[in-house]
Amino acid sequence: MSRILCVAEKPSIAKAVAGHLSGGTYQTHNTRETFIKNYVFDYDFGPPWGACSVTMTSVIGHLTGLDVGPELKNWSYPPPERLFDCPVMVNVPNDKKNIAKNIEEQARRASALFIWTDCDREGEHIGGEIRDAAKRGNHRIEVRRARFSNIERVHILNAARNLVNLDERQIEAVNARIELDLRIGYAFTRFLTLNLRNVGPELNDLMISYGSCQFPTLGFVVDRYFRVKNFVPETFWAIKVMYKREKIDVNFHWARHRLFDRHAAVVLYERCIASRHAKVTKTEEKPTKKWKPLPLTTVELQKMATKFLHLTGQEALAVAEKLYNNGFISYPRTETDRFDKAINLQALVQKQIPSEQWGQFAQGLVNGAFRAPRQGRNDDKAHPPIHPITFASPAVLGQNERKVYEFVVRRFLACCSEDAKGVATDVEIAYGDEVFTAHGVIVLERNYLDVYKYENWTGTAILPKFTVGERFEPTEALLVDGKTTPPGYLTEADLIALMDANGIGTDATMAEHIEKIQERQYARAVERGNRGGNEDAPAAPAARGGGRGRGGRGQAGRGGRGGTAGRGGGENRGSGIREFIPTALGVALIQGFDRMSFDMSLGKPFLRKEMELKMKAICEGRADKERVLRQSLLEYRQVYNQSSAELHILKNACRQYVLGHGEAAGGAG
DNA sequence: GCAAGGTC
């Protein structure tokens with residue numbers, strides 16, 4: 001019987017796959033690494049392998065690291081630009097030696113290696129690392145890969161019978177990313193730290209790092225800071241019409257929303273008053289619904305946790321990992337927002353019936369209210385959406401675990417419910433030369449809203465009956481004025497959404513980058529509403545540089561902000577929602593690079609997006625790794641040279657913001 | 001001393 005070595009990306013997958021392939025009977029052997037077990041069993045992989053003796057084990061993420069040699073460990077010599085062309089080498093870090101050794105030893109006794117890493121680019125690369133380790137033990141070992149996107153039994157058995165080859169292109173694409181991130185990160189970090197050190201005592205002992213993810217993350221924070229800072233309130237005028245019928249105040253909204261020209265508004269208003277009567281031109285009553293949420297991804301979990309659970313993204317992820325390790329929820333790092341058909345959702349719903357809080361709701365779903373979840377557009381082909389696995393009694397969970405578990409379960413049950421249903425009424429009237437509308441909703445069935453307490457469907461009222469053609473005299477018609485208000489600083493949910501949209505970091509690392517820019521003292525998190533005076537703002541005597549000067553007209557009507565006067569930060573006082581404000585250093589770095597004559601500033605997200613496109617090109621065979629590397633390093637070296645040549649601009653920005661030495665030469669913007 | 005990406 002031939003021996004087969006199987007290696008997964010993490011211990012939990014090794015155990016799950018071993019369970020499925022062996023039918024639940026395997027021997028467990030400890031290794032030198034506490035978390036890693038070798039599972040031994042027999043399995044028939046079908047032709048050409050036939051019945052085999054299998055050892056299933058795992059790594060714990062990446063097995064190797066890339067680093068520069070000892071001759072480049074000294075920061076003072078050679079200069080940082082050597083990092084663009086010095087040798088780099090792959091090594092197995094000390095904490096991974098035992099894992100690699102286990103694979104080497106097992107490979108010696110095996111004729112084939114089957115790789116069971118996640119079905120994504122990084123997983124393919126980890127597969128390559130596993131292969132290299134196995135080949136060190138047995139250079140003739142045959143290497144195949146299993147492709148699976150969930151750990152349902154049938155799916156795993158199917159993967160075991162349909163092995164493929166490792167995709168070298170994906171491995172090369174990741175190799176390119178690793179090498180670029182290392183060289184560029186090291187080079188610019190040393191450049192910044194060494195060159196800004198002598199600008200002022202404040203910067204003497206700081207580590208000023210650059211990274212392809214941390215800098216764009218900071219860039220978002222700084223960009224919003226300037227939008228708030230440079231916001232110029234504008235006065236607007238609006239016509240408000242109210243009509244009382246059947247004891248209901250019906251508020252009609254002006255179709256023009258608001259005007260920034262007082263004279264024009266007054267003229268239009270006077271025509272309304274002069275006409276005295278309004279005429280109903282359209283009424284419409286139609287069924288409407290509020291959609292249930294999509295299946296839960298990591299990014300969404302973090303956004304919701306920062307909004308509703310009073311946790312940071314990183315805390316939420318750490319708690320979710322603990323819940324996962326205890327078997328309560330599925331793998332928490334996923335981009336997938338659609339459930340695979342193979343997964344038995346009703347059985348998972350059933351497991352929640354014992355809950356005192358949502359058990360009844362789960363019972364209702366089991367009794368017939370169950371509906372298939374919506375299908376999102378994202379599938380990482382590696383993990384299902386986050387969902388509960390077993391019921392966890394609140395007694396066995398800590399406080400934060402309880403909150404996150406509750407959210408995961410409620411979200412899941414909401415996904416398996418019916419949309420909320422209601423009737424929407426719209427009434428349109430003509431008054432003077434103007435058009436006004438009223439909108440009302442009656443909620444008929446709350447459905448998922450009964451379990452998903454993080455959402456509601458209110459703020460809309462029941463409208464009395466109106467008939468087309470009828471005329472009435474409004475109870476109230478006023479010309480009101482107001483001022484546009486600035487947007488708020490970035491919340492963590494905003495920041496995560498921006499990173500997600502711009503491809504900065506991955507679901508697993510976004511929270512780390514947010515943490516990093518605070519650790520580096522580039523930005524600070526402050527509870528919304530607790531921003532006292534100017535003490536949190538950077539020392540920025542002349543912050544004219546960054547965003548757009550006027551927010552009023554251009555932003556009108558978009559999003560929930562920049563709206564009517566009086567809706568500023570006050571409403572959220574003590575909300576527990578944290579927002580990010582750059583420090584003087586953070587502003588200086590982004591502004592400094594922005595003021596240099598680059599086509600693309602290091603603080604903008606485009607460079608990372610470009611890297612992403614290049615990786616894709618390598619994966620699809622349209623580009624070659626070596627050429628991509630050569631080309632990218634050439635570009636970054638030019639950015640580096642230019643940064644050296646224009647270093648005074650960066651230094652001036654630091655003097656301006658950090659030391660408060662007035663507006664620097666070179667100007668703002 | 002420095003990056004970003006896996007995972008515990």
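All chains are named by letter (A, B, ...) in the order of the sequence lines, taking the proteins before the strands, and each is independently numbered beginning at 1. Not measured: the values here are computed from a predicted model.
There is no side-chain donor-acceptor pair under 3.5 Å between A:Gln638 and A:Asn641. In this structure, a donor-acceptor pair under 3.5 Å is absent between the side chains of A:Thr55 and A:Asn38. Under the 3.5 Å distance criterion, with hydrogens and angles disregarded, no donor-acceptor pair is assigned to the side chains of A:Asn325 and A:Lys322.
A close approach under 4.0 Å does not occur between any side-chain nitrogen or oxygen of A:Arg82 and OP1 or OP2 of B:dC2. Close to B:dG6, at under 4.0 Å from its OP1 or OP2, lies a side-chain N or O of A:Thr506. At B:dA3, one or more side-chain N or O atoms of A:Ser209 fall inside 4.0 Å of OP1 or OP2 (strictly under the cut-off).
Between the CD atom of A:Glu124 and the C1' atom of B:dG5 there is a distance of 15 Å, given to the nearest Å. Atom C1' of nucleotide B:dA4 and atom CD of A:Gln214 are separated by 9 Å, given to the nearest angstrom. A:Asn175 has its CG atom 14 Å from the C1' atom of B:dG6, to the nearest Å. Between the P atom of B:dG6 and the CD1 atom of A:Ile13 lies a distance of 15 Å, rounded to the nearest Å. Between the CZ atom of A:Arg121 and the P atom of B:dG6 there is a distance of 9 Å, given to the nearest Å. Whole-Å rounding puts the A:Phe188 CZ to B:dA3 C1' distance at 13 Å.
Residue A:Trp75 and nucleotide B:dG1 are classified as a stacked aromatic pair, their ring centres being separated by less than 5.5 Å at an interplanar angle below 30°.
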field: Derivation of the side-chain hydrogen bond (donor to acceptor under 3.5 Å, both in side chains) call for A:Arg144 and A:Asn165
entry: CA-CA 5 Å; A:Arg144 312 304 308 275; A:Asn165 289 324; 3.1 Å; yes
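The side chain of A:His62 sits closest to B:dG6 out of B:dG6, B:dT7, B:dC2. Of the listed nucleotides (B:dG6, B:dA4, B:dC2), B:dG6 has the atom at the smallest distance from the side chain of A:Glu122.
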